[in-house]
Amino acid sequence: MLTNQSFKDFRFRSFFIEKELNCNFLVLFFETSISGWFSLSIDEGMSKLSPEKKEPKIISLDEIKDDFAYPISEAKELNKYINKKIKRIAEYRIDEIDEGCVGVYFDCGECGFSVLENDGCLSIVDGVHRDFEEEISLIRIEMSF
């Protein structure tokens with residue numbers, strides 16, 4: 001269970017084709033105080049939160065010698081959440097659609113952040129996001145590994 005653990009670090013994976021940015025933020029990696037590293041991806045209406053066997057190493061675009069590059073960078077925009085405890089995790093779900101996840105919210109008590117998906121790419125929003133075109137519900141999810 002990730003609740004009551006604290007965030008220790010954040011990183012994200014981007015996607016480039018022939019050194020041209022295709023998606024700035026494809027996967028979020030975060031380290032917790034007890035359980036280590038996890039990855040979060042959201043695509044095709046499904047969120048996937050998985051433990052990582054090892055630390056996702058930071059690698060710059062210049063170090064990758066392939067036309068399809070997936071560099072990993074620090075997610076400095078989330079540094080304010082380091083040492084914050086995870087109180088609950090919830091999915092933003094389109095009402096009445098089984099595979100309707102469009103984001104995940106990490107509640108840290110007095111603060112929190114949302115990871116939102118749009119056309120396969122992710123973005124970060126401080127707090128609860130409320131500006132959706134569809135009817136969206138925030139549904140608590142349990143994560144145990």
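- Within the 4.5 Å cutoff, side-chain heavy atoms of Ser14 are placed close to those of Pro71.
- With 3.5 Å as the limit, one finds a donor-acceptor pair spanning the side chains of Tyr92 and Ser114.
- The environment of NZ in Lys19 is crowded: more than 12 heavy-atom neighbours from other residues, nucleotides or ligands sit within 6.0 Å.
- In terms of modelled atom types and a separation under 3.5 Å, the side chain of Glu134 and the main chain of Ile94 share no donor-acceptor contact.
- In this structure the side chain of Ile72 never reaches within 4.5 angstrom of the side chain of Tyr70, judged on heavy atoms.
- Aromatic ring centres of Tyr81 and Phe113 lie closer together than 6.0 Å.
- Enclosure of atom CG in Asp98 is not indicated, since only 12 or fewer non-hydrogen atoms of other residues, nucleotides or ligands lie within 6.0 angstrom.
- A 6.0 Å sphere centred on CD of Glu52 holds more than 12 heavy atoms belonging to other residues, nucleotides or ligands.
- Between Ser47 atom OG and Leu40 atom CG the span is 6.5 Å, to the nearest 0.5 Å.
- Between the SG atom in Cys111 and the NZ atom in Lys87 there is a gap of 10.5 Å [rounded to 0.5 Å].
- Judged purely by distance below 3.5 Å, without hydrogens or angles, the side chains of Ser6 and Asn83 never pair a donor atom with an acceptor atom.
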Check against side chain to side chain contact (heavy atoms under 4.5 Å, CB included), Phe12 and Ile124: CA-CA 11 Å; Phe12 68 90; Ile124 299 289; over 6 Å; no

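- Between Arg11 and Asp9 there is a salt bridge, with a side-chain nitrogen of the basic residue lying less than 4.0 Å from a carboxylate oxygen of the acidic one.
- With values rounded to the nearest 0.5 angstrom, Asn22 atom CG is found 6.5 Å from Cys121 atom SG.
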Worked check of side chain to side chain contact (heavy atoms under 4.5 Å, CB included) between Lys54 and Trp37: CA-CA 7 Å; Lys54 58 184 181 176; Trp37 283 96; over 6 Å; no

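- Listed here is the closest heavy atom pair of Lys8 and Ser33: CD-CA, 3.5 Å.
- Distance check, rounded to the nearest 0.5 Å: NZ of Lys76 to CZ of Phe10 gives 15.0 Å.
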Side chain to side chain contact (heavy atoms under 4.5 Å, CB included) between Asp95 and Ile136, intermediate numbers included: CA-CA 6 Å; Asp95 291 349; Ile136 302 289; 5.7 Å; no

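- Of all heavy-atom pairs spanning Gly112 and Tyr105, the tightest one is CA-OH, 3.6 Å.
- Linking Ile, Leu, Val, Met, Phe, Trp and Tyr residues whenever their side-chain heavy atoms come within less than 4.5 Å places Ile89 and Val115 in a single cluster.
- Taking the side chain as every heavy atom from C-beta outward, Leu2 and Leu49 approach each other to under 4.5 Å.
- Heavy-atom neighbours of Glu63 CD from other residues, nucleotides or ligands within 6.0 Å: above the threshold of 12.
- Cluster membership check: Met46 does not share its hydrophobic cluster with Val104, using side-chain heavy-atom separations under 4.5 Å among Ile, Leu, Val, Met, Phe, Trp and Tyr.
- Nearest heavy atoms, His129 versus Asp131: NE2-O, 3.2 Å.
- Shown here is Glu55, whose CD atom has more than 12 heavy atoms of other residues, nucleotides or ligands within 6.0 Å.
- Within the structure, salt bridge (Lys or Arg N to Asp or Glu O under 4.0 Å) pairs that include any residue of residues 110-126 comprise Lys80-Asp126, Lys84-Glu110 (at least two apart or interchain).
- Expressed to the nearest 0.5 Å, how far CG of Asp67 lies from CD of Glu18 amounts to 4.5 Å.
- At least one side-chain heavy atom of Ile58 sits less than 4.5 Å from a side-chain heavy atom of Glu74.
- Taking every heavy atom of both residues into account, Ile42 and Leu122 meet most closely at CB-CD2, 3.9 Å.
- Taken together through direct or relayed side-chain contacts under 4.5 Å among Ile, Leu, Val, Met, Phe, Trp and Tyr, Ile86 and Leu78 form part of one hydrophobic cluster.
- A single hydrophobic cluster is seen to contain both Phe106 and Phe25, as judged by linkage of ILVMFWY side chains at heavy-atom distances under 4.5 Å, directly or through other members.
- Ile64 is connected to Phe15 through a chain of hydrophobic side-chain contacts under 4.5 Å among Ile, Leu, Val, Met, Phe, Trp and Tyr, so both are in one cluster.
- Using a 4.5 Å cut-off between side-chain heavy atoms of Ile, Leu, Val, Met, Phe, Trp and Tyr, Phe16 falls into a hydrophobic cluster with Leu21, Leu61.
- Note that the CZ atom of Arg140 and the CG atom of Leu138 stand 11.0 Å from one another [nearest 0.5 Å].
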